[in-house]
Asker: 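What follows is a single structure, and I will ask about it in a moment.
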There are 2 protein chains.
Amino acid sequence: MDIKTLCLGVLSFGPASGYEIKKQVERIFGPFFDASFGSIYPALNALTREGAVSCTAQAQDKRPDKKVYSLTESGRLKLVADLAATSARDRFRSEFLVAMLFAELLPPSRVSRLIDERLTIYRRELGEIAANQRPDAPAAERFIQGFGETVYRAAIGYLEENRHLVEGQALLSKQNQAAE
Amino acid sequence: MDIKTLCLGVLSFGPASGYEIKKQVERIFGPFFDASFGSIYPALNALTREGAVSCTAQAQDKRPDKKVYSLTESGRLKLVADLAATSARDRFRSEFLVAMLFAELLPPSRVSRLIDERLTIYRRELGEIAANQRPDAPAAERFIQGFGETVYRAAIGYLEENRHLVEGQALLSKQNQAAE
DNA sequence: TTATCCATGTAAGAAGTTACATGATTGA
DNA sequence: TCAATCATGTAACTTCTTACATGGATAA
C-alpha cells in the first residue's frame with residue numbers, strides 16, 4: 001500500500017488529474033497524511049504503463065495540458081486486491097516525542113516552549129480537519145476525519161494534563177549544567 | 001532529528017552497545033516507534049567518525065566483540081542542538097485508514113475483519129506499552145509511554161464506536177459488484 | 001529440538017521528499 | 001505587488017527497511 005494505491009483509490013471516486021488527486025488527499029486526510037507531487041506524478045505514469053489507469057490530455061491555454069486519469073477495469077481489480085492485503089502496521093514518527101524523552105538535557109523554558117509550539121500545531125491541525133468536514137460527505141470520509149480529530153484531541157488533552165512530568169525535570173536533574 | 005540523534009540521546013543515559021540501544025528504544029517507545037539494526041549500526045559508525053561518540057570494544061568469547069559507545073562532549077553538544085531544533089511535523093502513515101476510505105469497494109465482511117484485526121493490533125500494542133511501564137522509571141519515560149497509551153486508547157474507542165460508518169457502506173453502495 | 005537471546009555488520013532496494021524548472025491568472 | 005492557485009514533471013537526495021551473513025548459548 002503506497003502512493004500508487006492511494007491514487008487508484010481516489011480515482012475510484014471519479015476521473016481526476018494529479019493535481020486534483022493531491023487536493024482531494026489533503027481535504028480528506030488533512031494534516032496527518034500527505035503525498036507530494038514528486039510522488040504522485042511518477043505514480044500516475046507508472047500506473048499508466050501498467051494499464052491500471054488511462055489518461056486523456058485536455059489542452060489548456062497558457063498552461064500545461066491537464067492530464068485526466070481514469071481507473072481501468074484492471075486498475076479497479078488491482079485496487080481491491082491492494083486494499084484487502086492491508087496488514088502493515090501504522091507508522092508514527094514524532095521528533096517532538098523524542099525530544100521530550102531527553103527533556104532533562106534542555107533548559108526548562110525550552111521544554112515549555114517546545115510543548116507550547118506542539119500544542120499550537122496540534123490545535124491548528126484540528127482546526128484544519130474541522131474546516132474540511134462536510135456533513136454531506138461520504139461516511140468513509142467522515143470516518144477518517146473523525147479518527148484524526150479524536151486522536152489529535154487525545155494528544156492535546158494528554159499534553160495539557162501531563163506536561164509537568166517533563167517540565168519539572170530539569171530543575172531536579174543533576175545533569176542540568178547543559179542549560180543554554 | 002533521526003536515528004543518529006536517537007542514539008545520542010540514549011547514550012546520554014549512559015554507555016551502551018548498539019544492541020542495547022535498540023532494546024532501550026523498544027522498551028521506551030514500544031510499538032509506535034522503532035529503529036532497526038540496519039539503521040543503528042551505521043549511525044553509530046558515522047557518529048564515531050564525527051567524534052560524537054567514542055567506542056570501546058569488549059572482547060567476548062564465542063561472540064562478536066561488544067562495542068560499547070559513550071557520548072563525547074562534542075556529541076552532547078550536538079545532541080542538545082538537535083533537540084532544540086525540533087520542528088518537523090509528526091508523521092503518521094496508516095494503510096488501514098487508507099483502506100477504510102475505500103471501504104465501499106470491499107465486501108462488508110472484509111471491512112469488518114480488517115477492523116477487528118486492527119483492534120487486535122492496537123490492543124496488543126497497548127498491552128506492550130503497559131508491560132514496559134515501570135513506576136520507578138524517569139518521568140520523561142513515563143510521559144512518552146502515557147502519550148502512547150492515551151493515543152492508542154483513543155483510537156480503539158473511536159473504532160469501536162464508529163465502525164458502523166464504514167461497515168454499513170457496502171450494503172448501500174451501487175458499486176458493490178466488486179464483492180469477492 | 002526449536003526458538004530466542006546475544007552481537008555486529010553490509011548491500012540492495014524501497015519509498016518518499018525537496019528543490020528545481022516553467023509560467024499565466026487571480027485575488028487580496 | 002505579492003501570494004496563492006493552477007499544472008506537470010525530473011533529478012538528486014535522504015532515510016530507513018529487509019534480507020543476508022555468521023554463530024554460540026540458553027531456555028522452554
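Values below: all heavy atoms of this structure, side chains included; hydrogens, waters and symmetry mates excluded. Note that the structure is a prediction, hence the values are computed from the model and not measured. Throughout, a chain's letter reflects where its sequence line sits, starting with A, and its residues are numbered from 1.
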Asker: Provide, to the nearest angstrom, the distance between the CG atom belonging to B:Asp34 and the C1' atom belonging to D:dT17.
Answerer: 10 Å
Asker: What's the closest nucleotide to the side chain of A:Ser17 if the choices are D:dT17, D:dT8, C:dT8?
Answerer: D:dT8
Asker: Round to a whole Å and report the spacing from CD of A:Glu26 to P of D:dA4.
Answerer: 13 Å
Asker: Could you tell me how far apart A:Gln24 (CD) and D:dA7 (P) are, to the nearest whole angstrom?
Answerer: 13 Å
Asker: Parallel under 30°, tilted from 30 to 60°, perpendicular over 60°: which one fits the rings of B:Phe37 and B:Tyr19?
Answerer: parallel
Asker: Checking A:Gln58 now: which residues fulfil side-chain hydrogen bond (donor to acceptor under 3.5 Å, both in side chains) with it, not counting sequence neighbours?
Answerer: none
Asker: Shared ILVMFWY cluster between B:Leu47 and B:Val68, side chains joined below 4.5 angstrom?
Answerer: no
Asker: Would you mind reading off the distance between A:Ile21 atom CD1 and D:dC6 atom C1', rounded to a whole angstrom?
Answerer: 15 Å
Asker: Look at the side chain of B:Tyr19 and decide which nucleotide, out of D:dA7, C:dC6, C:dT17, has an atom nearest to it.
Answerer: C:dC6
Asker: Using whole Å, what does the distance between atom C1' of nucleotide C:dA14 and atom NZ of A:Lys4 come to?
Answerer: 12 Å
Asker: Assess whether atom CZ of A:Arg134 is packed by more than 12 heavy atoms of other residues, nucleotides or ligands within 6.0 Å.
Answerer: yes
Asker: With under 30° as parallel and over 60° as perpendicular, where do the rings of A:Phe29 and A:Phe32 fit, or are they tilted in between?
Answerer: perpendicular
Asker: Would you tabulate the pairs of protein nitrogen or oxygen atoms and nucleotide nitrogen or oxygen atoms of nucleotides 9-15 of chain D closer than 3.5 angstrom?
Answerer:
residue: D:dG9; atom: OP1; partner: A:Lys67; partner atom: NZ; Å: 2.1

Asker: Can you tell me how far C1' of C:dT8 sits from NZ of B:Lys23, to the nearest Å?
Answerer: 14 Å
Asker: Rounding to a whole Å, what distance do you find between B:Lys66:NZ and D:dG23:C1'?
Answerer: 18 Å
Asker: Between B:Arg91 and B:Val68, which is nearer to the 5' end of DNA chain C once each is assigned its nearest nucleotide?
Answerer: B:Val68
Asker: For A:Ser36 and B:Gly18, find the nucleotide of DNA chain C closest to each by heavy atoms; which residue's nucleotide sits nearer the 5' end?
Answerer: B:Gly18
Asker: Using whole Å, what does the distance between atom P of nucleotide C:dA7 and atom CD of B:Gln58 come to?
Answerer: 9 Å
Asker: Output the distance between atom CG (A:Leu101) and atom OG (A:Ser94), rounded to the nearest 0.5 Å.
Answerer: 11.5 Å
Asker: Does OP1 or OP2 of C:dT17 have a side-chain N or O of A:Ser39 closer than 4.0 Å?
Answerer: yes
Asker: Ring-plane angle category for A:Phe13 and B:Phe102, please: parallel below 30°, perpendicular beyond 60°, tilted otherwise.
Answerer: tilted
